Amino acid sequence: MHELGVVFHIIDDVTDVGRENGLTSVQSVTLQLGTVSSVIPEYLTDCWKWAIKKTDMLKEAELIIEPIPAITFCEDCKKEYDTIEHGKICPYCGSGNTYLLQGNEFMIKEIAGA
Ligand SMILES: [Zn+2]
């Protein structure tokens, strides 16, 4: 489980941004998280609740996770399909010549503070 490391990383980033913007507290952090990224949202939220208590700026901050659906593109028939449902094999032509278009995101989208 590497979610705790991920949470500390987010807290560091948010704290830096908060200081630069003269914030005294952060109310919420919106995170874009791809549905096939290696981070599990439930673990992330648990670690978040634990870790923010040790900070000054983020102790009240809510973590909002915005899921990004995973979509794969097929190079052979040029179609897009749902990665979670079909994996690496194209459901239209059966080709394995595919790549992930989106769904592996891990990005801080928004920080709301006071
Ligand atoms: Zn195909």
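Residue indices begin at 1 and follow the sequence shown. Since the structure is predicted, the reported quantities are computational estimates derived from the model, not experimental observations.
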Subject >> side-chain contact (heavy atoms from CB on, under 4.5 Å) partners for Asp12, two or more places apart >> reply: none
Original post:
Are the side chain of Thr98 and the backbone of Ile89 linked by a donor-acceptor contact shorter than 3.5 Å?
Top reply: no
Subject >> Backbone of Ile40 reached by a side-chain donor or acceptor of Glu3 within 3.5 Å >> reply: yes
Subject >> Nearest-0.5 Å distance, CG of residue Asp13 to CZ of residue Phe8 >> reply: 14.0 Å
**OP:** For residues Gly87 and Tyr81, report the shortest heavy-atom separation together with the two atoms involved.
**Re:** O-OH, 3.0 Å
Original post:
Does Trp50 reach the side chain of Leu4, with side-chain heavy atoms less than 4.5 Å apart?
Top reply: yes
Original post:
Got more than 12 heavy atoms from elsewhere within 6.0 Å of CD, Gln27?
Top reply: yes
Subject >> Value rounded to 0.5 Å, distance of CD1 in Ile68 from CZ in Phe106 >> reply: 12.5 Å
Original post:
Can you pull the salt bridge (charged side-chain N to carboxylate O under 4.0 Å, His left out) pairs that have at least one residue in residues 68-90, sequence neighbours excluded?
Top reply: none
Subject >> Sub-4.5 Å side-chain heavy-atom contact between Thr55 and Ile11 >> reply: yes
**OP:** Measure the shortest side-chain to side-chain distance between Lys53 and Lys59 over non-hydrogen atoms and say whether it is less than 4.5 angstrom.
**Re:** no
Original post:
Side chain of Gln102, backbone of Pro69: donor and acceptor closer than 3.5 Å?
Top reply: yes
Original post:
Is it the case that more than 12 heavy atoms not belonging to Asp56 sit under 6.0 Å from its CG atom?
Top reply: no
Subject >> Nearest-0.5 Å distance that lies between atom CG in Asp16 and atom CE in Met57 >> reply: 8.5 Å
Subject >> Residue pair Tyr92 / Cys77: nearest heavy atoms and the distance that separates them >> reply: CB-SG, 4.0 Å
Original post:
Does a sphere of radius 6.0 Å around NE2 in His9 hold more than 12 heavy atoms from other residues, nucleotides or ligands, not counting ones at 6.0 Å or beyond?
Top reply: no
Subject >> Heavy-atom side-chain proximity of Ile64 to Val29 below 4.5 angstrom >> reply: no
**OP:** Output the distance between atom CD (Glu62) and atom OG1 (Thr45), rounded to the nearest 0.5 Å.
**Re:** 9.5 Å
Subject >> Which residues share a side chain to side chain donor-acceptor pair (under 3.5 Å) with Lys109, sequence neighbours left out >> reply: Glu66
Original post:
Same cluster for Ile111 and Ile10 if Ile/Leu/Val/Met/Phe/Trp/Tyr side chains link at under 4.5 Å?
Top reply: yes
**OP:** Could you pull out the closest heavy-atom pair between Ile84 and Val36, with the gap in Å?
**Re:** CD1-CG1, 3.7 Å
Original post:
Can you tell which of Leu44, Asp46, Ile52 makes a side-chain contact (heavy atoms from CB on, under 4.5 Å) with Val7?
Top reply: Leu44
Subject >> Beyond-backbone contact of Pro67 with Pro41, side-chain heavy atoms, under 4.5 angstrom >> reply: no
Subject >> Interatomic spacing from CD in Glu105 to CD in Gln32 - rounded to 0.5 Å >> reply: 7.0 Å
Subject >> Beyond-backbone contact of Val39 with His2, side-chain heavy atoms, under 4.5 angstrom >> reply: yes
Original post:
Any sub-3.5 Å donor-acceptor pair from Thr83's side-chain atoms to Ile71's backbone N or O?
Top reply: yes
Original post:
Can you find a heavy atom in the side chain of Thr72 that is under 4.5 Å from one in the side chain of Leu101?
Top reply: no
